[in-house]
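Report on the following structure.
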Amino acid sequence: FRSLSAAYEVARRQGIHGVTLRAVALEAKLSHGLVVFYFKQKDQLIGALLDRVLATTAMLRISEDVARLQRPPDRLAALLRQELERLSRDPRAIRLFFEYWALGVRHPAVRRKVGAALERYRAAFRAMAEDVLAAAPPASPLGSPGVAPGALAAVAVSLINGCAVQAAADPARFDTEAYLVAVHSILELLSAAPTGGSA
C-alpha cells in the first residue's frame with residue numbers, strides 16, 4: 001500500500017508528529033483526497049503505521065543460517081547476533097518504535113498492541129531457551145536448576161533491546177562487535193562471581 005509505505009518514510013525522517021495526511025500524500029505522490037478516503041483522519045493512519053513499525057522491529061524471523069545450526073547454544077548465539085545486527089542497522093526505525101512505546105502511555109490500544117508484539121518476541125526466544133537448557137550439561141552454569149527458560153529469554157531480549165537503544169542514541173559510534181565482546185566479558189565475570197549474600 002503506497003500511502004502506508006510513504007507514511008513509514010515520513011515517520012522515519014520526522015517522527016510520529018510529522019505524519020500528517022498531507023505529508024503522506026506528498027511523499028506518496030497521491031492526492032490528499034485519496035489518502036483521506038483511505039484513512040479518514042490522522043489517528044487511523046498512525047494506528048495502521050504501528051503494524052508496519054512492529055513488523056520491522058518487534059517480529060522475530062529466524063534466518064535459515066541460524067535454523068540449520070545443530071547445537072542449541074550455537075543457534076541462540078547466532079540469533080542474538082542476527083538481531084543485534086538487524087536492529088542496529090536502522091536506528092531511525094528503533095526510535096520510531098520507542099515513540100510508539102511512549103505514545104502507549106496515553107493510548108491503551110497502542111500500549112496493548114506494542115505489549116502483545118513484545119510478548120510474541122519473548123516467546124520465540126523462550127522456545128529457543130528451552131532447547132538450550134535441555135541440552136546443557138548439568139555441571140555447566142546453564143545446567144543448574146535455578147535457570148528458567150523465561151529468565152534466559154528475558155535476558156536475551158534485554159540485551160537486544162539495550163543494543164537497539166544504544167544504536168538509536170549514538171548510531172555513528174555503535175559497534176556490534178564491541179557490544180558482543182563486552183557482553184561476553186560481563187557474562188564471564190558474572191559466572192565467576194560467588195553467589196549468595198556477602199559474608
Side-chain angles (χ1 to χ4, degrees), residues 1-30 32 34-63 79-129 150-151 153-176 179 183:
F1 197 105
R2 221 160 105 194
S3 57
L4 202 52
S5 294
Y8 184 66
E9 289 308 312
V10 170
R12 285 176 75 245
R13 283 196 311 268
Q14 301 175 32
I16 295 173
H17 72 279
V19 178
T20 64
L21 297 174
R22 195 166 299 285
V24 169
L26 189 64
E27 177 75 21
K29 297 179 176 51
L30 296 171
H32 180 254
L34 186 59
V35 175
V36 170
F37 174 77
Y38 280 113
F39 291 107
K40 309 299 185 245
Q41 53 188 335
K42 180 179 173 174
D43 285 351
Q44 288 181 349
L45 179 58
I46 297 297
L49 181 59
L50 174 57
D51 292 330
R52 173 76 180 267
V53 170
L54 293 176
T56 57
T57 56
M59 189 175 290
L60 186 63
R61 293 178 187 88
I62 300 173
S63 72
L79 184 60
L80 279 169
R81 177 180 289 277
Q82 170 196 297
E83 289 299 280
L84 291 174
E85 289 174 349
R86 179 179 72 86
L87 293 175
S88 64
R89 253 193 312 267
D90 191 0
R92 290 189 296 180
I94 295 303
R95 281 197 297 271
L96 193 52
F97 171 82
F98 285 116
E99 277 193 61
Y100 271 106
W101 176 278
L103 190 63
V105 172
R106 296 187 316 274
H107 298 275
V110 171
R111 183 169 61 248
R112 284 192 298 273
K113 195 172 263 197
V114 170
L118 289 175
E119 184 51 42
R120 287 190 299 272
Y121 192 78
R122 277 191 299 271
F125 268 96
R126 183 187 169 98
M128 194 167 282
V155 168
V157 172
S158 296
L159 288 172
I160 292 164
N161 288 341
C163 167
V165 169
Q166 293 300 319
D170 193 1
R173 291 193 298 179
F174 183 79
D175 180 343
T176 303
Y179 190 90
V183 166

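In what follows, every heavy atom counts, from backbone to side chain, and hydrogens, waters and symmetry copies are set aside.
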Ignoring hydrogens and angles, tell me if any N or O in the side chain of [X] forms a donor-acceptor pair with the backbone of [Y] under 3.5 Å.
| X | Y | answer |
| --- | --- | --- |
| R2 | K29 | yes |
| Y179 | L159 | yes |
| E99 | I16 | yes |
| E9 | A28 | no |

Less than 4.5 Å apart, side chain to side chain, heavy atoms only: is that true for [X] and [Y]?
| X | Y | value |
| --- | --- | --- |
| S5 | R52 | yes |
| I160 | F125 | yes |
| F39 | L4 | yes |
| R12 | D90 | yes |
| R122 | L118 | yes |
| F98 | V114 | no |
| I62 | M128 | yes |
| L54 | Y100 | no |

- Query: Taking atom CZ of R92 and atom CD of Q14, what is their separation to the nearest 0.5 Å?
  - Reply: 10.5 Å
- Task: Rounded to the nearest 0.5 Å, what's the gap from CG on L87 to CD1 on I94? Could you check?
- Result: 4.5 Å
- Answer yes or no: are there more than 12 heavy-atom neighbours, outside R13 itself, under 6.0 Å from its atom CZ? yes
- Message: L79 vs L60, test: side-chain contact (heavy atoms from CB on, under 4.5 Å). Steps then yes/no.
- Response: CA-CA 9 Å; L79 184 60; L60 186 63; 3.8 Å; yes
- Message: Can you confirm if the NZ or CZ of K40 lies within 45° of the ring axis of Y38 and under 6.0 Å from the centre of its six-membered ring?
- Response: no
- Message: Pair I46, L103 - check side-chain contact (heavy atoms from CB on, under 4.5 Å), show working.
- Response: CA-CA 11 Å; I46 297 297; L103 190 63; 4.2 Å; yes
- Message: Test side-chain contact (heavy atoms from CB on, under 4.5 Å) on D51 and K113; report intermediate values, then the result.
- Response: CA-CA 9 Å; D51 292 330; K113 195 172 263 197; 2.9 Å; yes
